[in-house]
Amino acid sequence: YSALIARTAGRAQARESIEHTGDELRCRFETVPPLAPARLDVLHVGDEEVRTCDEVGREAVLLKPTWKGEVLSAGLRYVKPGHELRLERYMEDGRMVEHMRCPYKGVEMRCIFRRSE
């Protein structure tokens with residue numbers, strides 16, 4: 001998921017809470033216990049660009065988030081070093097999946113989330 005999350009595995013849980021209303025998604029990211037400041041991103045589907053940062057604070061830009069049926073699809077460009085990814089989020093077997101593709105490296109990653117109890 002990220003270098004921070006990988007390092008904290010076993011010591012903390014990464015939590016992402018999403019409030020979804022129409023084409024607005026409010027995403028809150030945090031670790032429990034808190035190892036980094038919590039972050040809140042507000043995403044409007046249809047925007048050209050949405051500035052954000054990842055779990056370790058690297059600046060990024062979501063590019064043209066759109067719905068493709070039940071799938072939220074967007075480009076993701078890191079400001080430094082400037083590489084681009086493809087990102088899709090969707091539900092699978094009652095769990096949210098984040099599927100990232102890095103075309104220039106030929107790498108894919110799927111993160112599967114579960115509901116917290």
For His83, enumerate each residue passing the side-chain contact (heavy atoms from CB on, under 4.5 Å) test, keeping only those at least two apart in sequence or located in another chain.
Tyr78, Pro81, Leu85, Tyr104
List for me each residue that meets side chain to side chain donor-acceptor pair (under 3.5 Å) alongside Glu70, sequence neighbours excluded, and say none if there are none.
none
Please tell me whether Val79 and Met100 are part of a single hydrophobic cluster in this structure, the criterion being side-chain heavy atoms less than 4.5 Å apart.
no
Please say yes or no: joined through hydrophobic side-chain contacts below 4.5 Å, possibly via intermediate residues, are Phe113 and Leu62 part of one cluster?
yes
Walk me through whether Met96 and Arg89 qualify under side-chain contact (heavy atoms from CB on, under 4.5 Å).
CA-CA 7 Å; Met96 185 182 72; Arg89 286 189 177 226; 3.0 Å; yes
Going through the distances and angles, do Cys27 and Glu16 end up as a side-chain contact (heavy atoms from CB on, under 4.5 Å)?
CA-CA 7 Å; Cys27 306; Glu16 181 176 4; 4.2 Å; yes
Applying salt bridge (charged side-chain N to carboxylate O under 4.0 Å, His left out), which residue pairs with at least one partner in residues 73-85 are found, sequence neighbours left out?
Glu49-Arg77
Give me the other members of the hydrophobic cluster that Val71 sits in, counting Ile, Leu, Val, Met, Phe, Trp and Tyr linked by side-chain heavy atoms under 4.5 Å, directly or via other members.
Tyr90, Val97, Ile112
With respect to His99, which candidate in Arg110, Glu88, Glu108 satisfies the side chain to side chain donor-acceptor pair (under 3.5 Å) definition?
Glu108
Salt bridge (charged side-chain N to carboxylate O under 4.0 Å, His left out) pairs touching residues 27-37, sequence neighbours excluded, are Arg28-Glu30
More than 12 heavy atoms of other residues, nucleotides or ligands under 6.0 Å from CD of Glu92: yes or no?
yes
Please set out all donor-acceptor pairs under 3.5 angstrom arising from side-chain atoms of residues 40-48, sequence neighbours excluded.
residue: Asp41; atom: OD2; partner: Arg39; partner atom: NE; Å: 3.3
residue: Asp41; atom: OD2; partner: Arg39; partner atom: NH2; Å: 3.3
residue: Asp41; atom: OD2; partner: Thr52; partner atom: OG1; Å: 2.5
residue: His44; atom: NE2; partner: Glu24; partner atom: OE1; Å: 3.0

Report yes or no: do Trp67 and Leu87 belong to one cluster of Ile/Leu/Val/Met/Phe/Trp/Tyr joined by side chain heavy-atom distances under 4.5 Å?
yes
Would you please say whether a donor-acceptor pair under 3.5 Å links the side chains of Ser73 and Arg86?
yes
Locate the shortest heavy-atom distance separating Ala74 from Pro65; write the atom from each residue and the value.
CB-CA, 3.8 Å
